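What follows is a short report on a single structure.
Since the structure is predicted, the reported quantities are computational estimates derived from the model, not experimental observations. Order of the sequence lines sets the chain letters (A, B, ...), proteins ahead of strands, with each chain counted from 1.
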2 protein chains.
Amino acid sequence: MRAKKLLRQSELQSLIDYNPFLTDQELADKFAVSIQTIRLDRMELGIPELRERVKMVANDAYSKTKTLGEEQIIGDLREFDPGVRGMSVLDVTMEMVHPQAMTVGTEHIFAQANSLAMFVADLSVYIRIQASIEFIRQVYAGERLVCTAVVVDPGKENEIHMDVTTTSSDAVVFSGKFIFGTGRSNK
Amino acid sequence: MRAKKLLRQSELQSLIDYNPFLTDQELADKFAVSIQTIRLDRMELGIPELRERVKMVANDAYSKTKTLGEEQIIGDLREFDPGVRGMSVLDVTMEMVHPQAMTVGTEHIFAQANSLAMFVADLSVYIRIQASIEFIRQVYAGERLVCTAVVVDPGKENEIHMDVTTTSSDAVVFSGKFIFGTGRSNK
DNA sequence: GTTATAATTGCGAGCAGGTAATAATAGCGG
DNA sequence: CCGCTATTATTACCTGCTCGCAATTATAAC
């Protein structure tokens with residue numbers, strides 16, 4: 001008797017982990033058990049009700065897309081000399097890796113570099129951006145990416161040139177040259 | 001009177017856009033109006049109830065972390081000829097724009113292009129990627145980005161060359177040349 | 001001013017997906 | 001067979017709505 005219950009509860013746990021959008025009724029059907037049993041199981045396992053689960057997922061997602069959407073800098077800004085140079089640090093989390101390869105999507109590496117460069121250049125609006133970039137090696141979860149952006153040629157009118165390099169424990173993983181066309185004289 | 005209503009509705013729209021977790025009661029308080037008015041406004045604007053909104057965010061987030069984490073393609077794959085060419089479509093949502101400038105972060109445009117290119121090249125693992133890219137103009141929420149990736153030089157050993165172009169209603173917003181170093185002979 | 005029309009507000013019922021509490025029943029181990 | 005756990009049933013209540021209908025208030029039209 002006890003075995004059956006434990007089995008069901010562990011399956012319930014992973015079922016809900018996998019799909020948090022299931023109602024108690026649906027779960028009860030899957031296990032051919034009454035809805036009350038499911039509720040008891042949830043209580044014993046400390047699993048909140050559907051709506052709370054959905055809310056949690058939504059909140060997670062929301063704060064995640066917010067940090068990716070509303071801040072300028074992807075990663076933490078560590079050094080900053082406006083119009084001159086800047087440095088940011090990005091810790092690679094599991095969410096950033098493609099599970100099959102276990103490597104970080106290059107879009108994240110690019111996003112860190114690009115956002116830092118734009119922030120240093122103080123460009124929320126651009127006319128045109130050109131870049132020559134290179135991803136030198138793959139990056140794995142747990143690595144700490146240190147990105148440095150330096151303005152190299154403030155000479156030309158309406159253009160800001162910038163060198164951006166990302167390293168992980170002193171090995172270069174990304175480097176790029178950015179040219180921002182601003183449509184304004186970069187005073 | 002109609003002016004007041006329209007103003008409130010547009011504010012309501014952006015309020016909910018900004019924070020979908022508000023109940024009708026909370027919204028009614030903010031506008032110093034009855035809860036029924038809020039409900040009428042929501043209906044006229046086609047805004048679903050709180051729980052539906054939360055569910056949508058959660059679903060989005062859920063499928064997003066899945067597509068961004070478990071699939072290679074950011075955007076919807078529309079055409080695909082393995083090793084030859086591919087096309088993907090990405091609808092720009094509010095979450096992708098930087099609110100100050102109302103323009104899309106270039107990292108999203110890059111992510112679409114890069115992931116499509118890697119998918120067409122069938123590269124989950126790379127040795128080195130070089131790219132020369134250009135963001136030609138800014139992109140705003142609501143635009144539909146159509147990205148095309150074409151393999152242009154399958155000649156060289158251990159290298160895949162690819163041209164990637166992103167357009168929005170037939171105007172080019174991004175173009176890039178990617179060179180993937182594979183460390184394998186591309187059969 | 002006096003209507004027509006639009007906007008707002010106020011109920012009451014009902015629904016989904018629960019919580020909480022309490023009671024009845026089934027199943028098995030000793 | 002007794003006792004205990006597991007399961008099921010029942011009921012009341014909750015939130016955040018929808019739906020339908022009526023009443024009131026504000027604004028525009030004549």
Side-chain angles (χ1 to χ4, degrees), chain A residues 1-66 69-70, chain B residues 1-67 93-95 99 141:
Chain A
M1 190 113 213
R2 222 151 61 232
K4 235 172 261 184
K5 188 184 174 185
L6 290 176
L7 189 74
R8 188 189 54 235
Q9 290 193 344
S10 89
E11 278 184 47
L12 183 72
Q13 182 71 263
S14 35
L15 236 170
I16 292 180
D17 277 355
Y18 180 75
N19 180 4
F21 301 93
L22 296 167
T23 65
D24 285 357
Q25 186 57 64
E26 287 167 332
L27 291 164
D29 293 348
K30 293 206 193 235
F31 289 105
V33 91
S34 81
I35 204 166
Q36 289 79 0
T37 302
I38 295 296
R39 311 234 229 242
L40 281 173
D41 284 346
R42 270 201 302 104
M43 298 217 185
E44 285 178 27
L45 295 168
I47 299 172
E49 65 166 292
L50 169 69
R51 281 153 180 165
E52 292 305 314
R53 294 192 308 260
V54 171
K55 219 182 282 177
M56 286 164 66
V57 175
N59 261 313
D60 268 28
Y62 214 66
S63 52
K64 209 170 287 171
T65 54
K66 285 261 162 163
E70 292 204 339
Chain B
M1 190 101 223
R2 213 147 78 238
K4 237 172 259 185
K5 187 185 175 185
L6 289 177
L7 189 74
R8 186 189 56 235
Q9 290 194 344
S10 89
E11 278 183 49
L12 183 72
Q13 182 71 262
S14 34
L15 236 171
I16 292 180
D17 276 356
Y18 179 74
N19 180 5
F21 300 92
L22 296 167
T23 65
D24 285 357
Q25 186 57 64
E26 287 168 331
L27 291 164
D29 293 348
K30 292 205 195 238
F31 288 106
V33 91
S34 80
I35 202 167
Q36 287 80 0
T37 302
I38 296 295
R39 311 235 229 243
L40 282 173
D41 285 345
R42 268 200 304 104
M43 299 220 184
E44 286 178 26
L45 295 169
I47 300 173
E49 66 166 291
L50 169 70
R51 281 154 178 164
E52 292 305 313
R53 291 188 315 256
V54 171
K55 218 182 282 177
M56 286 165 67
V57 174
N59 261 312
D60 264 31
Y62 217 66
S63 57
K64 203 170 287 171
T65 52
K66 292 244 161 153
T67 44
T93 65
M94 285 306 288
E95 289 94 62

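For Lys4(B) and dT9(C), the NZ to P distance is 11 Å, given to the nearest whole Å. One interatomic measurement links the two molecules: CD of Glu52(A) to C1' of dG16(D), which rounds to 13 Å at whole-angstrom precision. Whole-Å rounding puts the Asp41(A) CG to dG18(C) C1' distance at 16 Å. Atom CG of Leu50(B) and atom P of dG17(C) are 15 Å apart (whole Å). Computed from coordinates, the Arg42(B) CZ to dG16(D) C1' distance equals 9 Å when rounded to whole Å. Distance, Gln25(B) CD to dT9(C) C1': 13 Å, rounded to whole Å. If you measure from atom CG of Asp29(B) to atom C1' of dT9(C), you get 15 Å, rounded to the nearest angstrom. Remark: P of dC17(D) and CE of Met43(B) are 11 Å apart, rounded to the nearest angstrom.
Each of dG18(C), dT18(D), dA6(D) was ranked by its minimum atom distance to the side chain of Lys5(A); first place goes to dA6(D). Among the nucleotides dC19(D), dT8(C), dT19(C), the one closest to the side chain of Asp24(A) is dT19(C).
Rounding to the nearest 0.5 Å places CG of Leu12(A) at 12.5 Å from CG of Leu6(A).
Taking Leu40(A) as the reference, nothing meets the side-chain contact (heavy atoms from CB on, under 4.5 Å) condition, with sequence neighbours excluded. For Glu44(A), the side chain to side chain donor-acceptor pair (under 3.5 Å) test picks out Lys5(A), Gln9(A), with sequence neighbours left out. Listed by chain and number, the residues in a side chain to side chain donor-acceptor pair (under 3.5 Å) with Gln25(B) are Asp29(B) (sequence neighbours excluded). Every residue meeting the side chain to side chain donor-acceptor pair (under 3.5 Å) condition with Ser34(A), not counting sequence neighbours, appears here in chain and number order: Gln36(A), Thr37(A). Under the side chain to side chain donor-acceptor pair (under 3.5 Å) criterion, Arg42(A) pairs with Asp24(A), sequence neighbours left out.
In this structure, Arg53(B) reaches neither bases nor backbone, as no heavy-atom distance under 4.0 Å exists between it and the strands shown.
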Once base and sugar-phosphate atoms are separated, protein heavy atoms under 4.0 Å mark nucleotides 8-14 of chain D, 5' to 3', with B, S and - as BBB----
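Between Glu11(A) and Arg8(A), no side-chain nitrogen of the basic residue sits less than 4.0 Å from a carboxylate oxygen of the acidic one, so the salt-bridge criterion is not met.
Taking the nucleotide of DNA chain C with the nearest heavy atom to each of Lys55(B) and Ile38(B), the more 5' of the two is matched to Ile38(B).
Between Arg39(B) and dC19(D) there is no side-chain N or O to OP1 or OP2 distance below 4.0 Å. One finds a side-chain N or O of Arg8(A) lying less than 4.0 angstrom from the OP1 or OP2 phosphate oxygen of dT7(D).
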